[in-house]
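Worksheet: the structure to be examined is printed underneath.
Computed from heavy atoms alone, side chains included, the values below leave out hydrogens, waters and symmetry copies. Here the structure is a predicted model, which is why all the values come from computation and not from measurement.
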Protein chains: 2
Amino acid sequence: MTAKLTDVANLAGVSATTVSRVINNHGYLSEKTKQKVFDAMRELNYQPNSLARSLQGKKMKLIGIIFPSITNPFFAELIEDIEMQLFTQGYKIILCNAGKNKQKESEYIKMLLANQVDGIIAGAHNLGIDEYQQLGLPIVSFDRKLSDNIPIVSCDNYQGIELAVHDLLQAGCKKITFVGDKQLKGNPTDERLKAYCDTMDKLNLDAHICSVAFSDSPLLKNMTIRKMLIEDKPDGITCTDDLTAILVLQEAKKLGIRVPEDLKVIGFDGTKQIQTYHSELSTIAQPISDISTLLVDLLLERINDPKKEPNQMHYKLPVKLIKNETTA
Amino acid sequence: MTAKLTDVANLAGVSATTVSRVINNHGYLSEKTKQKVFDAMRELNYQPNSLARSLQGKKMKLIGIIFPSITNPFFAELIEDIEMQLFTQGYKIILCNAGKNKQKESEYIKMLLANQVDGIIAGAHNLGIDEYQQLGLPIVSFDRKLSDNIPIVSCDNYQGIELAVHDLLQAGCKKITFVGDKQLKGNPTDERLKAYCDTMDKLNLDAHICSVAFSDSPLLKNMTIRKMLIEDKPDGITCTDDLTAILVLQEAKKLGIRVPEDLKVIGFDGTKQIQTYHSELSTIAQPISDISTLLVDLLLERINDPKKEPNQMHYKLPVKLIKNETTA
DNA sequence: TTGTAGGCGTTATCAT
DNA sequence: ATGATAACGCCTACAA
């Protein structure tokens, strides 16, 4: 079907070894032979077979990316950024949408192993620690504790909610509610709730938590939010992500609650997408590009030098307040 | 490092061939041997090496997915759906974000070839026909003419804009503008503009086209739209996609133009994302799930039986009007 | 029912 | 400066 090494060798009138050498730029080659080989490669439209190469221990230049979903704008932007970074280094990615499905995540990990990927970037939220413990593969994690020896990259979730609450206070809010997951899971995102509670505590204010899980459907979230708006009548809401914040805005509108006059709302994530198409929303912006750069750097470092231990186990990147109309 | 076939064979006290047989469920095996082998596999946490397998002609169970971007909600939902479908069939995907970058798309194609993918689903918009012509690999295309022998799946773009324009008319619009790309490229999406022009023609109405390209930045789009709103003062706008429609809504709001009283707007795509977070927007919904199913079915059919020619070369799937407030 | 030998496309080692 | 050969991990004849 497609041309192989020996075809090129035949055409160029040299041995397979020589062709291999010019491909890998190994040892001493005469310019003349190089040229012959290059010409033959071009003529046959030759493409080295990655599979055969990595049977000899060469890298596949392939990374597994495990995230819950790409339809969430935050993950989409993060993954797209990761993909860009990796591409410039010659890496391709196998995209694994784990959803909320523990078994799918588990099967994907097996497949990645079978495909000899060079490493994994994991940001899903299903599996227990043990599954990742002994993969014998470079892994870095986003926003999630996987194991003691797997480095975590996340934004400074604590600082983020602190900023958000203070922004609401400064805008005059007296009764601030947190909308987000109440259930702690030992992950960095737990810090968001913690920051909210701590801050309210310090200010001697009552904490109001409206529990909405990441994996809840928008419909269910809407109902929960609506109930909260009606019963609690908060004048400020800090949300665990931008999408939830938009649902809050929508429900408020339906109920005739004016934003920002009667209610101020702030989100979390700060994707370009939301800032472009919901430009009214104030939010805490995660440094998406810095996160992806760090994830990729840490991973490639481990791939290229597996012995080297990472300097830190948890990298917390600073967030930024983006102030718009909803907290005016 | 990781266990291999011979390790399993040794542990089970059988030959490598036998282990291979139980893995592939080949020929006659005694239950006893099977059990021994299974046990050994489990004990060693054995995972067959896909690379070595497909060196023998076995399928890699890997598909390349080439699209412009995953941050566009439409592509995100389409790709996520494709990924789901393929996963249930045991396939993984290599995600290739081509952006508006011709060279990147070209390099990705080479990489996919080198990685021995079993097929490609292409939906990017950069390369000329020739690049895809002779890949010698099963390919299906979304919304784009790649070559005479590559089947295309798309929605019925023509019908979509017809529906949209008629919806605007029925809502009382007299002066309807089309916002979208003016440049024809020989792709199915060209039908959108054509449908607009034809329909306006039939109705003896003047066509107004506000040219905005898919790859324009939101900022540039905003400026173009603003100018059009001020100068043309349309009372109805049919957009080439939902995101553009939202920009129109935003600019209209800034200019104090009331929707739907002074201006009615309808989009195109109908993603869950936009329908959830911009639930006011009327739109023409593409049958995302049907599209992905068809793409995957056609591709797998070609992979499993390369000789078989597709029945059709262009599959046009019906669209659906989703009526909301913006065309009330 | 199970084992032996050869080969998939490439690279590393050892020659020359 | 270039070649021959074995090896990577697995699978498919062919044998037994």
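Taking 4.0 Å as the cut-off between side-chain N and carboxylate O, E301(B) and K308(B) count as a salt-bridged pair. The pair E43(B)-K36(B) does not count as a salt bridge, with every side-chain nitrogen at least 4.0 angstrom from each carboxylate oxygen. Taking a cutoff of 4.0 Å between a charged side-chain nitrogen and a carboxylate oxygen, E31(A) and K34(A) qualify as a salt bridge.
Atom-to-atom, CD1 of I23(B) to P of dC10(D) comes out at 7 Å; the value is rounded to the nearest Å. Whole-Å rounding puts the L44(B) CG to dC10(D) P distance at 12 Å. Taking atom OH of residue Y28(A) and atom P of nucleotide dG3(D), one finds them 18 Å apart after rounding to whole Å.
Not a single side chain to side chain donor-acceptor pair (under 3.5 Å) links D39(B) to another residue, sequence neighbours left out. Every side chain to side chain contact (heavy atoms under 4.5 Å, CB included) that I303(B) has, sequence neighbours left out, goes to K59(B), I63(B), Y91(B), D118(B), P138(B), L299(B), L300(B). For T271(A), there are no side chain to side chain donor-acceptor pair (under 3.5 Å) partners at least two apart in sequence or on another chain. Remark: S69(B) pairs with E80(A), T71(B) by the side chain to side chain donor-acceptor pair (under 3.5 Å) rule, at least two apart or across chains.
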Criterion side chain to side chain donor-acceptor pair (under 3.5 Å) on E105(A) and Y132(A), from CA distance to verdict: CA-CA 11 Å; E105(A) 184 172 353; Y132(A) 280 94; 2.7 Å; yes

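Axis angle across the helix from dT1(C)-dA16(D) to dT16(C)-dA1(D), with five pairs used at each end and values rounded to 10°: 40°.
The side chain to side chain donor-acceptor pair (under 3.5 Å) analysis of residues 49-58 of chain B, with sequence neighbours excluded, yields the pairs N24(B)-R53(B). Legend: ring pair (Phe, Tyr, Trp, His ring centres under 6.0 Å) pairs involving residues 46-70 of chain B, not counting sequence neighbours, sorted by first then second residue: F67(B)-F75(B). The salt bridge (Lys or Arg N to Asp or Glu O under 4.0 Å) pairs that include a residue from residues 83-95 of chain B are K104(A)-E83(B), where partners are two or more places apart or lie in different chains.
Of the residues near DNA chain C, R53(A) and L29(B), the one whose nearest nucleotide (by heavy atom distance) lies more toward the 5' end is L29(B). Checking S15(A) against L55(A), the closest nucleotide of DNA chain D that is more toward the 5' end is the one next to S15(A).
Looking at residues 4-11 of chain A, you'll see that no heavy atom sits under 4.0 Å from any atom of DNA chain D. Using a 4.0 Å cut-off on heavy atoms, the residues of residues 30-37 of chain B that approach DNA chain C are S30(B), T33(B), listed by number.
Between the side chain of D190(A) and the backbone N or O of K185(A) there is at least one donor-acceptor pair closer than 3.5 Å. A donor-acceptor pair is defined here as one N or O able to donate and one able to accept, closer than 3.5 Å; no such pair exists between the side chain of S20(B) and the backbone of A16(B). N187(B) places no side-chain N or O within donor-acceptor distance of the main-chain N or O of T189(B), the cut-off being under 3.5 Å.
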Can you check nucleotides 12-16 of chain D for protein contacts, nitrogen or oxygen pairs under 3.5 Å, and list what you find?
unit_1: dT12(D); atom_1: OP1; unit_2: K58(B); atom_2: NZ; d: 3.0

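Residues P73(A) and Q273(B) have side chains in contact (heavy-atom distance under 4.5 Å, counting atoms from C-beta outward).
For DNA chain C, the span of nucleotides reached by chain A at under 4.0 Å from its heavy atoms goes, 5' to 3', from dG9(C) to dC14(C).
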